[in-house]
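The structure appears right after this line, and notes come after that.
In each ligand, atom 1 is the first atom listed, and ligand 1 is the first ligand listed. Side-chain atoms are counted along with the backbone in the values below, which use heavy atoms only and exclude waters and symmetry mates.
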Amino acid sequence: MINELKINELNEFTQLNLHPQLVQAVTDFGYTTPTPIQSAVIPVMLTGQDVIGQAQTGTGKTAAFSLPILHNLAAGQGHVQCLVLTPTRELAIQVANAMYDYGRYSGVRVLPVYGGQPYSRQIGRLKKGIDVVVGTPGRLLDLIRQKALDLKNVSTVVLDEADEMLSMGFIEDIESILNETSTDRQTALFSATLPPEIRHLANRYMREPHSFTIGGKKLTVAGVEQRYYLVNEADRLAALTRLFEIEPITSALIFARTRIGTSELANELTVRGFPAEALNGDMSQDARERVLNRFRHNQLKVLVATDVAARGLDIDDISHVFNYDLPDDPELYVHRVGRTGRAGKTGIAISLLTPREQGYLSKIEGFTKQKITRAPLPTVEDIQAYREAQLRERMSVWLQPGDCQQEYELVLRLTKDGYNPMEIAAAALKLVRADEKQRPIAPLSEVQEWSSKAKFNGKRSNGNGRSNSNSNNRSTDSHEKGMVRLSLSTGKADGIRVNHVVGTLAHYANIPGDSIGKILIDKQHTFVDVPEKFVGQVLAKTGAYRIGKQTITVKRA
Ligand code: AMP
């Protein structure tokens with residue numbers, strides 16, 4: 001059961017009854033007034049009760065859970081008292097740093113743990129005694145299994161960005177970790193959205209949590225023109241570049257979650273004449289700030305971001321949001337699309353979707369109560385006509401008599417050399433249009449409409465070229481060049497889902513999740529396309545893969 005509590009805004013940190021050392025630390029950081037989520041969460045967490053905070057990054061949620069935890073820590077216990085789970089290494093480091101900073105006068109020992117770092121360092125620090133561990137679920141489970149991390153005496157567990165952990169396939173890992181802790185622990189869950197799986201998790205693992213919803217700036221799709229274009233999986237980039245030709249873009253945010261990845265997509269756009277940069281979790285805070293500043297000041301028109309990286313992005317002037325592939329969850333669609341059309345401006349949201357994903361639209365439309373209109377992609381002729389119209393418009397500015405005196409004299413000299421004025425004009429236009437060569441109009445393959453019977457029915461390709469299709473489709477869904485199909489000893493009968501497969505392979509084989517290609521889930525088996533270069537790495541870990549309690553073997557299909 002979830003209680004709704006009215007948020008009581010407090011004006012000063014001093015009114016929250018926190019230890020003076022903590023008040024001093026936040027004062028050092030220049031905080032004087034608690035943010036709404038801090039006013040709501042701190043008093044409840046101080047009493048040891050469970051909390052659900054629906055809040056995004058940027059609302060001050062880290063201090064909201066860190067301060068009461070630090071207040072309640074008992075000095076010199078010699079065991080882990082608090083555990084914070086985060087979806088990414090970056091967030092683990094960020095949260096650990098924040099807790100360390102807020103606890104600077106309290107002598108708290110905080111340790112971030114995440115994959116990719118040697119175990120020895122983390123285990124060594126754990127042995128010395130740590131009060132708060134902040135980590136990603138995979139690494140935490142590994143440390144638990146190696147008996148390097150004992151959670152029996154943990155009094156508070158925080159699940160930060162729970163919806164992100166869900167979409168990264170961590171939900172069962174989270175459950176396994178929670179099962180390692182005492183049932184009388186305090187649990188706090190923070191999430192930008194609350195999909196049903198997260199609500200179930202809360203119902204199973206939390207005790208009468210107090211629930212708070214903190215809107216950052218309210219995101220809405222009202223007033224946004226929403227369109228979709230039907231494309232084949234292989235044609236997403238071609239379709240995007242065609243749209244870039246004719247859309248009046250002043251500032252565009254592209255959401256991508258594909259194998260091609262944000263950096264690769266930004267590169268592909270740049271070489272095609274549309275300069276773009278990526279914003280993703282691999283970037284340092286500095287690099288991220290630099291890119292954001294350029295975008296904010298319109299020195300950069302196109303940004304390609306993942307959902308996680310775009311969290312908390314507070315920019316009003318975005319003319320276009322592109323869904324290079326559709327998000328898993330209608331709420332995420334609103335989060336993405338709500339980033340345009342803000343501050344009373346009109347915005348355009350464009351989604352590219354494959355026939356297989358078409359049925360998913362009605363889910364989003366049902367959720368937003370708004371129609372997303374299908375539109376035809378511009379043809380080669382449309383783009384050529386548009387380019388010509390643009391050129392005519394640019395030229396008309398200079399076609400006033402006397403406006404280009406110097407060039408006029410150059411033409412005179414060229415005619416004296418014997419050239420015909422019409423030919424001179426044509427040659428000059430050819431030079432002006434030279435940049436169009438950099439932007440060849442990409443061909444598009446014909447889209448086969450999904451038959452209504454076979455139409456998507458709630459399940460969808462996850463936009464990564466991955467699909468949940470059954471074995472009947474295997475012959476048509478043949479794997480791509482450079483990819484090798486592997487077979488996993490788990491399938492529909494085990495309740496397996498695409499994100500489990502991606503999560504477990506990426507974690508145990510230590511390969512990038514977005515490098516994984518098509519996924520076909522059969523009754524007993526799952527077929528996964530993996531880039532050739534990672535096959536050895538993936539096969540080497542056969543038997544080590546786990547999804548929930550199940551151990552999984554992998555072999556060539
Ligand atoms: P978060 O949502 O936890 O990522 O916090 C967003 C930013 O707000 C961080 O840079 C914090 O340092 C800052 N912040 C958190 N609480 C406050 C506060 N009460 N006053 C001013 N800034 C804050």
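Ring-centre distance between F190 and F65: below the 6.0 Å cut-off. The distance between the ring centers of F322 and F244 falls below 6.0 angstrom.
For the 3.5 Å distance criterion, the side chains of S251 and N298 fail to qualify, holding no donor opposite an acceptor.
Taking a heavy-atom cut-off of under 4.0 Å, ligand 1 is surrounded by F13, Y31, T33, P34, T35, Q38, T57, G58, T59, G60, K61, T62.
Pairs engaging residues 90-102 under the salt bridge (charged side-chain N to carboxylate O under 4.0 Å, His left out) rule: none recorded [sequence neighbours left out].
Between the S155 side chain and the Q81 main chain, a donor and an acceptor come within less than 3.5 Å of each other.
Looking only at side-chain heavy atoms (C-beta outward), V113 and L111 come within less than 4.5 Å of each other.
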